[in-house]
Amino acid sequence: MEISAAPLIYVLIFVAVVVLVEGIYLTVFGKSISLNSRISRRLTLLEKNGNREQVLEQLRKEMNQHLNSKSIPLYSILAKKAQRANIAFSPKALIGIMAGLSVFSFLGLTLGTSADPAVRAIVAVAMGVGGVYVWVNNKAKKRMSLLEEQLPDAVELMVRSLRVGHPFSSAIGIVAKEIPDPLGTEFGVIADEAAYGRDVAESLKAFAERMDSQDLRFLAVAVSIQQQSGGNLAEILEGLAKVIRARFKLFRRVRAITAEAKWSGMFLSGFPIAALVMINVLQPTYYDEVKETAAFIPAALVVCAFLVINVIFMKIMVNIKV
């Protein structure tokens with residue numbers, strides 16, 4: 001039985017591309033950029049550079065650079081996710097990494113496969129761009145999940161600070177020191193902006209819009225209403241913390257209920273691709289008798305279309321709005 005390693009080489013090169021992106025990211029910015037760091041990145045930067053204004057300028061640039069670059073062709077599909085993930089790479093650097101990884105993929109395909117140069121070039125570009133997209137998407141999901149989990153604790157910490165007599169700006173500063181990333185650095189930037197004269201409610205609203213988070217919008221609206229009409233902010237935030245925590249529990253429950261359907265959908269979507277890869281590995285000549293016929297390419301396109309439709313409908317079925 002003839003065995004071909006080419007499909008496995010394609011998979012391994014794509015995995016290597018994703019791992020390389022993470023390695024480059026940690027090498028350039030250090031472990032402080034990692035979400036599992038106990039000390040927020042803002043505090044780490046302040047330890048290295050005591051100039052608070054320069055640190056604030058650097059963090060604000062990172063927090064807005066991707067959405068400000070949506071006009072770059074094709075970058076708009078990545079800009080929103082890169083902003084939610086708060087990728088410290090500039091858009092130009094990220095595009096450069098895509099190009100470099102495409103070259104790396106092309107060299108790997110040249111050494112490991114015998115495909116035509118045009119095919120290798122197309123696949124290499126797809127791997128370079130797709131690998132970075134997968135990496136950014138995973139970063140965005142992980143960061144948003146951590147942020148949503150930290151938010152109720154942060155609001156409750158602000159409530160306790162307000163009740164012992166701290167002003168709201170000081171309460172935000174306490175959250176920035178006590179809560180790790182991603183929320184620690186975000187609230188630290190808000191505290192620094194408030195120290196330089198920006199309205200806290202405006203900063204919270206900008207943060208909520210940048211993250212596209214409904215819970216953060218609730219927080220920004222609550223603070224804005226209290227500033228305009230008065231009232232006990234501690235009580236307002238205490239009620240908000242209960243609402244956010246209840247929403248978080250409900251989302252977790254919905255995820256648990258739909259987990260089986262999601263994994264079934266992933267299996268049904270991935271199994272045909274895995275079967276195709278295994279057929280090409282174990283018996284590369286399996287399609288030789290039919291691939292030269294006129295109906296082969298139209299049939300392959302129809303199958304691909306059905307696979308895409310399957311993925312879309314599976315996502316629609318398990319995407320429950322709460």
Side-chain angles (χ1 to χ4, degrees), residues 18-19 21-23 25-26 28-46 55 58-60 62-67 78-89 132-160 171-192 203-220 237 240-256 258-259 262 319 322:
V18 178
V19 173
V21 181
E22 180 69 15
Y25 196 57
L26 293 177
V28 173
F29 296 102
K31 291 184 179 180
S32 65
I33 201 72
S34 178
L35 291 177
N36 57 9
S37 177
R38 291 185 176 273
I39 302 176
S40 70
R41 183 160 183 261
R42 172 177 168 271
L43 295 179
T44 303
L45 291 175
L46 285 173
V55 172
Q58 178 183 346
L59 292 174
R60 289 189 66 184
E62 292 175 0
M63 291 174 177
N64 295 288
Q65 59 185 349
H66 297 288
L67 287 180
L78 188 65
K80 188 174 181 179
K81 292 184 181 295
Q83 198 62 72
R84 295 179 76 176
N86 199 32
I87 301 298
F89 283 132
V132 173
Y133 181 86
V134 169
W135 175 74
V136 170
N137 187 50
N138 289 337
K139 285 279 186 184
K141 286 183 178 180
K142 183 179 179 181
R143 189 169 187 269
M144 289 302 299
S145 178
L146 283 172
L147 191 146
E148 291 170 356
E149 188 174 351
Q150 290 176 328
L151 188 57
D153 295 331
V155 175
E156 289 175 352
L157 181 56
M158 285 190 283
V159 170
R160 291 194 293 270
I172 291 179
I174 292 171
V175 171
K177 293 179 181 178
E178 298 296 331
I179 301 293
D181 275 346
L183 208 55
T185 295
E186 294 285 357
F187 271 82
V189 170
I190 293 173
D192 289 343
S203 297
L204 285 171
K205 183 179 179 182
F207 176 35
E209 293 302 323
R210 177 160 43 85
M211 293 293 103
D212 193 21
S213 170
Q214 192 63 39
D215 292 334
L216 287 171
R217 290 191 182 99
F218 290 157
L219 176 60
L237 294 183
L240 178 62
K242 293 179 180 178
V243 171
I244 294 174
R245 197 174 293 280
R247 278 168 52 86
F248 182 73
K249 289 180 179 178
L250 180 59
F251 289 146
R252 281 287 180 91
R253 186 176 180 182
V254 170
R255 289 193 191 107
T258 58
K262 286 183 178 180
N319 186 22
V322 180

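All residue numbers in this chain count up from 1 along the given sequence.
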- Step-by-step side chain to side chain contact (heavy atoms under 4.5 Å, CB included) determination, Leu183 to Leu146: CA-CA 8 Å; Leu183 208 55; Leu146 283 172; over 6 Å; no
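- Looking at Arg245 and Asp153, a side-chain N of the basic residue comes within less than 4.0 Å of a carboxylate O on the acidic one, giving a salt bridge.
- Counting heavy atoms from C-beta outward, Pro182 and Gln150 have side chains that approach closer than 4.5 Å.
- The two atoms that bring Val155 and Ala241 nearest to each other are CG1-CB, 3.8 Å, heavy atoms only.
- Asp212 pairs in a side chain to side chain contact (heavy atoms under 4.5 Å, CB included) with only one of the listed residues (Met144, Arg217, Gln83), which is Arg217.
- Closest non-hydrogen pair, Ser40 versus Gly184, comes out as CB-C, 4.2 Å.
- Between Phe89 and Trp135, the ring planes are tilted. Angles from 30° to 60° get that label.
- Listed by chain and residue number, Glu193 satisfy the side chain to side chain donor-acceptor pair (under 3.5 Å) test with Ser203 (two or more places apart in sequence, or in another chain).
- Expressed to the nearest 0.5 Å, how far CG of Leu147 lies from CG of Asp215 amounts to 9.0 Å.
- We find that Arg42 and Asp192 are joined by a salt bridge, their nearest charged nitrogen and carboxylate oxygen being less than 4.0 Å apart.
- The line from CZ of Phe29 to CG of Leu45 is 10.0 Å long, rounded to the nearest 0.5 Å.
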- Task: For the pair Gln65 and Arg60, evaluate side chain to side chain contact (heavy atoms under 4.5 Å, CB included) and give the outcome as yes or no after the intermediate values.
- Result: CA-CA 8 Å; Gln65 59 185 349; Arg60 289 189 66 184; over 6 Å; no
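- Taking CD of Glu62 as the start and CD1 of Ile87 as the end, the distance is 10.0 Å to the nearest 0.5 Å.
- Taking a cutoff of 4.0 Å between a charged side-chain nitrogen and a carboxylate oxygen, Glu186 and Arg143 qualify as a salt bridge.
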- Task: Report the C-alpha distance between Gln214 and Arg247 in whole Å, list the side-chain angles of each, state the deciding distance to 0.1 Å, and finish with yes or no for side chain to side chain contact (heavy atoms under 4.5 Å, CB included).
- Result: CA-CA 10 Å; Gln214 192 63 39; Arg247 278 168 52 86; 3.7 Å; yes
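- Here CD of Gln58 is found 10.5 Å from CE of Met63. Values are rounded to the nearest 0.5 Å.
- The shortest distance between side-chain heavy atoms of Phe187 and Met158 falls below 4.5 Å.
- Legend: residues meeting side chain to side chain donor-acceptor pair (under 3.5 Å) with Lys81, ordered by chain and number and at least two apart, are Asn137.
- Between Lys139 and Glu22, at least one side-chain N (NZ, or NE/NH1/NH2) sits under 4.0 Å from a carboxylate O, which counts as a salt bridge.
- In this structure the side chain of Leu151 never reaches within 4.5 angstrom of the side chain of Phe248, judged on heavy atoms.
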- Report the C-alpha separation of Leu216 and Phe207 in whole Å, then their side-chain angles, then the decisive distance to 0.1 Å, and conclude whether the side chain to side chain contact (heavy atoms under 4.5 Å, CB included) test is met. CA-CA 8 Å; Leu216 287 171; Phe207 176 35; 3.6 Å; yes
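- When all heavy atoms of Arg41 and Thr185 are compared, the pair lying nearest together is N-OG1, 3.3 Å.
- Between Val136 and Ala85, the closest heavy-atom pair is O-CB, 4.0 Å.
- The distance from the CG atom of Leu157 to the NZ atom of Lys177 is 12.0 Å, given to the nearest 0.5 Å.
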